[in-house]
Amino acid sequence: MVYESPYEPLTIPEIDLWSFLFERKSKPFADSKEIFTDSETGRTYTFGDLRSTSLEFGKGLQSLWNWQRGDVMAFYTPNSIDTPPAMLGLLWAGGIGSPANPLYTEPELTFQLKDSGAKAIVTQLPFIETARRAAKTVGIPEDRIILIGDAHDPSGHFRHFSTIRNTSFSGRPTAVKVDVRNDLAFLVYSSGTTGLPKGVCLTHHNIVSNVLQMSSMDSMYFHPYGGIDGKGDKGLGITPFFHIYGLTCCIMVFIYTGWELISMPRFDLERACQLIEQYKISFAYVPPPVILAFSKHPIVEKYDLSSMRMFHSGAAPLTPELATALWDRLKIAVKQGYGLSETAPVATMQLPDEWGKFMGSTGKLLPNMQARLVEPDEGRDVEVGQPGELWLKGPNIFPGYLNLPENTKATMSADGYFKTGDIFVVDKYGNFTCVDRLKELIKYKGFQVPPAELEGILLGHKDITDACVIGIEDKEQATEVPRAYIVLKPGLPTDAAKAKEIVDWLASLTAPHKKLRGGVHFVSEVPKSASGKLLRRVLRDQVRQAEKK
Ligand code: 4UV
């Protein structure tokens with residue numbers, strides 16, 4: 001059975017993302033409307049500033065480096081209000097943005113730079129050493145490392161964003177005409193349903209579509225001149241811009257709607273509370289552990305959070321208990337959405353006034369989307385009301401993984417659906433609820449931890465002969481945590497000290513969210529199929545059975 005979105009289809013223009021955001025004939029706010037404000041310095045970009053700054057940066061890229069259509073620029077930085085104009089200037093010049101977690105280690109960053117073919121890196125001073133080493137490995141010249149933010153390089157060695165903007169133009173910089181259905185705006189990284197991180201190709205059309213689809217829901221509730229003080233609804237910018245959730249929902253949607261984002265470089269609960277009180281913030285897009293912090297931590301009591309009307313939770317499951325706990329404590333609605341990097345990202349979403357009615361659900365299909373629930377591996381629709389793998393169709397679905405036609409083929413059905421690898425049920429009102437994950441992915445606080453990546457690194461340890469990594473539920477923290485099952489070479493100790501040594505060793509090689517917080521268990525063998533494929537699900541089922549006892 002094909003499930004259709006219950007909402008009126010939207011007309012999605014055939015337009016590139018820069019023009020979509022900055023060349024609208026009419027928009028419901030003035031050019032002087034503040035869009036991004038830095039939580040620590042109070043520095044602000046209005047809509048007009050964003051437009052002019054991005055244009056200057058795009059022209060600078062063309063003049064300085066002859067930036068070409070399709071050239072990739074990596075963004076290796078925590079949230080900064082300079083990221084949006086830099087990204088949009090890049091798009092104006094025909095480029096493609098590839099955001100990376102700023103806590104990536106050198107090998108992790110090197111992988112993404114190499115795979116994406118990045119020609120320059122945007123970063124900030126504290127991250128420069130890793131950026132520099134990774135750039136050297138892949139052959140990006142040092143003068144193509146661009147600093148954003150308020151700190152300039154005291155040695156004057158690295159170019160600052162502002163100097164590129166002020167480059168005197170040689171030649172005639174011109175907006176590059178892109179093919180909106182085929183040219184990429186962003187290349188984000190996800191392990192998809194299996195294996196190592198892959199470049200998820202997102203076209204201009206994908207992003208324009210999702211901005212329209214997503215904002216058609218929440219702009220019913222939040223307004224450029226709304227909010228408790230009538231000075232405009234403001235969102236708290238905690239979600240990382242380097243993840244597709246922040247990239248679309250916090251950067252692009254805010255420019256389109258005229259809401260103001262108070263952008264934080266990192267999540268700190270007390271600072272978040274201060275900012276909500278100070279700016280009278282109305283809402284935030286967050287992962288579940290942020291809801292947990294607001295619903296449990298005593299510090300919250302010290303602040304007046306009465307301006308907050310809504311948290312939107314996504315990127316990992318939100319339990320009804322957690323949503324209820326927050327409501328009981330602060331009377332803030334917690335609604336849920338669901339999506340993936342491959343769907344640019346939002347696919348289903350609750351409306352704020354629906355949250356209490358369909359607790360635990362991730363809401364209805366966004367406009368212009370269709371879905372099927374399918375018997376895994378068989379391609380047959382499940383009986384109505386039964387759980388099945390969610391397959392999705394819509395204008396926001398990615399065209400494929402970069403240079404990986406086999407993976408792309410495996411993830412698309414013959415009838416043009418994208419196979420999400422997540423198990424859902426749908427009720428008679430069209431509410432979708434995620435009940436399990438078919439694919440191997442682990443999510444730590446909304447961040448991806450691909451088990452195959454950790455297993456590959458573990459196998460490089462001199463004492464390890466085999467390894468299998470699975471996600472373990474950590475209810476206290478409202479997240480999954482990765483745990484490794486490890487086979488050691490014969491005769492080695494299998495005690496707590498050895499386990500800690502392996503946890504610490506892996507932590508030194510990966511970003512912090514990939515740490516084996518679920519610990520290391522030593523085993524004599526890990527489950528495998530006759531053909532030698534790891535059977536992670538067997539271990540997962542064993543853990544679940546043990547938890548039930
Ligand atoms: O590729 P990715 O890292 O993408 C995301 C996207 C987050 C979004 C998207 C739309 C929203 O409205 C929103 O609130 C957040 O995280 O990881 C995709 C996988 O994350 C899991 C699921 O396994 C996806 O395949 N996931 C995302 N949202 C949920 C979820 C959810 N609400 N409940 C359970 N799992």
Side-chain angles (χ1 to χ4, degrees), residues 99 101 186-194 197-200 202 206-207 210-211 213-218 235 238-250 252-253 283-291 310-320 322-323 334-352 355 358-366 369 387 389-392 394 396-398 401 411 418-425 431-451 471 473 478-480 513:
N101 186 331
F186 295 107
L187 193 51
V188 300
Y189 276 73
S190 164
S191 60
T193 48
T194 180
K198 297 175 257 299
V200 176
L202 293 169
N206 292 149
I207 306 288
N210 208 234
V211 170
Q213 291 169 302
M214 188 273 189
S215 64
S216 70
M217 304 280 109
D218 284 354
I238 313 174
T239 300
F241 294 165
F242 62 77
H243 186 261
I244 188 67
Y245 188 9
L247 186 59
T248 298
C249 300
C250 294
M252 306 307 160
V253 166
F283 64 106
Y285 296 104
V286 298
V290 173
I291 313 281
M310 179 199 88
F311 278 105
H312 172 92
S313 173
L318 172 81
T319 60
L322 197 47
V334 189
K335 71 179 180 91
Q336 198 176 181
Y338 160 84
L340 314 88
S341 304
E342 289 88 339
T343 60
V346 196
T348 68
M349 188 179 240
Q350 287 183 302
L351 294 172
W355 77 275
F358 306 107
M359 296 277 267
S361 153
T362 64
K364 301 183 173 70
L365 286 170
L366 289 188
M369 294 205 75
E389 184 185 6
L390 178 68
W391 288 13
L392 291 168
N396 51 323
I397 306 287
F398 79 133
Y401 296 108
T411 207
F418 161 60
K419 306 175 183 178
T420 65
D422 292 307
I423 307 285
F424 272 74
V425 290
N431 293 298
F432 284 75
T433 302
C434 185
V435 291
D436 201 357
R437 200 179 290 140
L438 187 64
K439 59 191 171 192
E440 299 157 352
L441 182 65
I442 301 166
K443 281 240 146 160
Y444 176 70
K445 300 193 173 181
F447 292 112
Q448 292 203 359
V449 183
E473 201 183 336
T479 185
E480 283 177 294
H513 67 275

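Whatever order the structure lists them in is the order used to number ligands and atoms, beginning at 1. All heavy atoms count here, side chains included; hydrogens, waters and symmetry mates do not.
- When only interatomic distances are considered, the shortest N/O to N/O separation between S341 and ligand 1 falls below 3.5 Å.
- The shortest N or O to N or O distance between K443 and ligand 1 is under 3.5 Å.
- Note: an N/O pair closer than 3.5 Å links K439 and ligand 1 by distance alone.
- In terms of protein heavy atoms, atom 14 (O) of ligand 1 is closest to H312 NE2, 2.7 Å.
- Under the 30°/60° scheme for interplanar angles, the aromatic rings of H513 and F447 are found to be tilted.
- Between the choices D422, V286, L438, the shortest heavy-atom distance to atom 23 (O) of ligand 1 belongs to D422.
- Partners of F418 by ring pair (Phe, Tyr, Trp, His ring centres under 6.0 Å), not counting sequence neighbours, listed by chain and number: F398.
- For a threshold of 3.5 Å applied to N or O pairs, the pair formed by G446 and ligand 1 contains no separation below that value.
- In this structure a side-chain-to-backbone donor-acceptor pair under 3.5 Å is present from S361 to F432.
- Residue T362 has no N or O atom closer than 3.5 Å to an N or O atom of ligand 1.
- Nearest non-hydrogen protein atom to atom 28 (N) of ligand 1 is A315 N, 3.2 Å.
- Every residue two or more places apart in sequence or in another chain was checked for a ring pair (Phe, Tyr, Trp, His ring centres under 6.0 Å) with W391, and none qualifies.
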